[in-house]
Amino acid sequence: MSADKLFINGKIYTVNKDQEWAQAVAVEGNRIVYVGDRDGAEALCDENTKICDLEGKMMLPGFIDGHCHPVMAAHYLCGVYLQIEWSPEECLAEIQRFVKEHPESDTYFGIGYAEWMFDETGPKKELLDAICPDKPMMILGSSAHEAWVNTKALELAGITRDTPDPIPGFHYFHRDGEGNPTGHLLEMATQNMIMENINFFDADKIEEVLAAASDGYAAMGVTSTCDMGAPEFVMRAYFETVPEMIEKGSYKQRFVGCGRMVSEKSDVEIVMPRLRRYKETYDTDQFRINFLKIINDGTLETRSAALSQPYDEDGSMVKPLFTREEIAQLGVEAAKEGLNINVHGIGDEAISGTLAMAKAVREAGYEDCRITNSHCDYVKDEELELFGKYNVIANTTCVWHYGNPDMEKVIGDRQNHTFRIKTMIKGGCRMGQGSDFPVDEFGREPLKGIEMGCTRQLFNHPELPVLKPYEEKLSVKDGIESYTINNAYQMHMDDRLGSIEAGKYADLVILEKNIFDVPLSEIHKVKVCETIMDGKTVYKS
């Protein structure tokens, strides 16, 4: 046996606890065949082996985005893209510019405004009517858990004062004093009621945007994506476009997904039978469907996360979609089918549901079922240790781990007790990271996630507050593991991905500098030099 490539003269961090650093890595085809000292590697070389001199650069396992929505993003990013730091006036100016530049469009769609820039009653349809009264317009908030529509969109979708809310108090239409919809929609069921009646998307652009997003991921060192689900209207692209792109090489990451999310209880009857088929039909190391995704609450920004105590801002409370008993039963059913489980849980009451489900799954004997709670914003003190006890992966987005005074008015001092991931890790929990793309554009960059997990401060903004509690700051090692071996474990592929070990796939990233050696606030500035997926270079600077 001879190696095709030999990597030497670099800082090779393997994420293998038995051999954290290596002098050389040999690759044959799409597999790593040797990791160790240079002499051992050279024994596998012949005149055909390509010697790759790292010149002191750092090599890591390829990064894995453990929570993203690339297929949904390909639809949502076909329109106007707003920035989370913009004011209402700046958002409206950008929407107006977009409409003027695209007069041929029959509909207008967008995403990105900060939900907290409006009060608890949300944005109003009249602001969009002033820009475009005669064509339907829909703009999602930055979390994609709320939306802002104009009067024409409500009219074409048949939404009136007599339209019942899908889930009162959770998925609902904000209304004025007379019961008329104001143009502010909470949660996905209301969004679906609009999008099922209005086509906002150009099919010709979807593959183009998806390919551009994949190229962007490659430039960030990402070699695998975990798609956390999408609404029904994107399923064709999900199961046709993505596999075709993987086949021809224009989608440059491994893809693990779930298809349609469970965002309403009635979705279970649709989703579970499909997952039984998908699990058998889509089961390659390039494209695999193997988990159930449950949206059990909303977000703090939209005041729809399920908290055990009322919101400080308006005294409201939201219940999780499923009771603890209901979600436990669903979790055991999924585990019995051989599925992994991922639950969106942001508020402490929703997270209690995830942990109750995990307890039931483990007690039923399903130890190998990979259970993940996504986001993990606010966890009850007494339940932090349960993540380790019941082997629940805490997936989070560390670019959200920074001081945000705007959120303190929404949840008060609880804002200073969010994202207590370090305590969970000390209790035996695995932490994974994901971007939640397209919810957060710069969150796709793993190096920013690693940095902000360590600093709990917005990158490039030393003047902004550090998020309390300060003792929850992560280490660089924590951050690297969250984007590599821990996300591979979530994918149920840790035997093939996530560390640089002989026998695993040659999914690798080469960085300009050793990020253990640079100041924490400079990690996001380190350049990705090369990304290798399945033994092939998919990006090189």
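Just so it is clear, the values below take in all heavy atoms, side chains as well, and ignore hydrogens, waters and symmetry mates.
No hydrogens or angles considered: a donor-acceptor pair under 3.5 Å links the side chains of Asn460 and His524. Side-chain contact check for Asn16 and Ser499: no donor-acceptor pair (N or O, by modelled atom type) lies under 3.5 Å. Judged purely by distance below 3.5 Å, without hydrogens or angles, the side chains of Asp368 and His492 pair a donor atom with an acceptor atom. A donor-acceptor contact under 3.5 angstrom links the side chains of Ser352 and Glu383, judged on distance only. One side chain, Glu146 or Tyr113, offers a donor N or O that lies under 3.5 Å from an acceptor on the other. In this model, no donor atom of one side chain and acceptor atom of the other lie less than 3.5 Å apart for Thr14 and Glu501. Gln253 and Thr225 form no side-chain donor-acceptor contact under 3.5 Å, judged by distance and modelled atom types alone.
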- When you look at Thr484 and Phe63, which way does the side-chain contact (heavy atoms from CB on, under 4.5 Å) test go after all the steps? CA-CA 5 Å; Thr484 55; Phe63 294 131; 4.3 Å; yes
- Message: Between Tyr505 and Thr223, is the side-chain contact (heavy atoms from CB on, under 4.5 Å) condition met? List the steps.
- Response: CA-CA 11 Å; Tyr505 286 118; Thr223 55; over 6 Å; no
- Message: Set out, in order, the CA-CA distance, both residues' side-chain angles and the distance that settles salt bridge (Lys or Arg N to Asp or Glu O under 4.0 Å) for Glu232 and Arg274, then state yes or no.
- Response: CA-CA 12 Å; Glu232 184 67 27; Arg274 288 182 180 179; 2.9 Å; yes
- Taking it one step at a time, do Asp494 and Arg430 satisfy salt bridge (Lys or Arg N to Asp or Glu O under 4.0 Å)? CA-CA 13 Å; Asp494 48 308; Arg430 292 177 177 86; over 6 Å; no
- Task: Go through Gln286 and Asp534 one step at a time and tell me if the side-chain contact (heavy atoms from CB on, under 4.5 Å) criterion holds.
- Result: CA-CA 9 Å; Gln286 285 71 41; Asp534 220 27; 3.9 Å; yes
- Message: For Arg254 and Asp285: C-alpha separation, side-chain torsions, deciding distance, then whether salt bridge (Lys or Arg N to Asp or Glu O under 4.0 Å) applies.
- Response: CA-CA 7 Å; Arg254 302 182 192 280; Asp285 288 349; 5.6 Å; no
- Task: Dump the intermediate steps for salt bridge (Lys or Arg N to Asp or Glu O under 4.0 Å) on Glu326 and Lys265, then the final yes or no.
- Result: CA-CA 10 Å; Glu326 289 169 339; Lys265 288 184 179 180; 3.0 Å; yes
- Message: side-chain contact (heavy atoms from CB on, under 4.5 Å) for Ile393 and Asn486? Distances and angles first, verdict last.
- Response: CA-CA 8 Å; Ile393 303 156; Asn486 290 350; 5.7 Å; no
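Aromatic pair His174/Tyr172: centroids less than 6.0 angstrom apart.
By the 30° and 60° cut-offs, the orientation of the rings of Phe255 relative to Phe287 is parallel. Classified by interplanar angle (parallel below 30°, tilted 30° to 60°, perpendicular above 60°), the ring pair Phe201/His75 is perpendicular.
Here the options are Trp148, Phe233, Tyr81, Phe200, the test is ring-ring contact (aromatic ring centres under 6.0 Å, His included), and the partner is Phe109; only Phe200 passes. Exactly one of Met491, Met533, Met493 qualifies for a side-chain contact (heavy atoms from CB on, under 4.5 Å) with Ser224. That residue is Met491.
In summary, Glu471 and Arg420 do not engage in a salt bridge, as defined by a charged side-chain N under 4.0 Å from a carboxylate O. Classification of Lys422 and Asp478 as a salt-bridged pair holds, one side-chain N sitting under 4.0 Å from a carboxylate O.
For Lys527, the NZ atom is loosely surrounded, since the number of other residues' heavy atoms within 6.0 Å does not exceed 12. Crowding of Glu264 atom CD: a count of heavy atoms from other residues, nucleotides or ligands under 6.0 Å exceeding 12. Few gaps surround NZ on Lys504; more than 12 heavy atoms of other groups in view lie less than 6.0 Å from it. Atom NZ of Lys477 is surrounded by 12 or fewer heavy atoms from other residues, nucleotides or ligands within 6.0 Å. Shown here is Gln309, whose CD atom has no more than 12 heavy atoms of other residues, nucleotides or ligands within 6.0 Å.
Looking at Lys252 and Asp215, their side chains come closer than 4.5 Å, going by heavy atoms from C-beta outward. Ile450 is listed as a side-chain neighbour of Ile480, based on a closest heavy-atom distance under 4.5 Å. With a 4.5 Å cut-off on side-chain heavy atoms, Thr455 and Lys473 do not count as touching.
Closest approach of Asp297 to Gly345, counting heavy atoms only: OD1-CA, 3.7 Å. Residues His171 and Pro166 share a closest heavy-atom pair of O-CD, 3.2 Å. Here the shortest heavy-atom pairing between Met317 and Leu307 reads CE-O, 3.3 Å. In this structure, Cys226 and Gln490 approach most closely via the heavy-atom pair SG-NE2, 3.8 Å.
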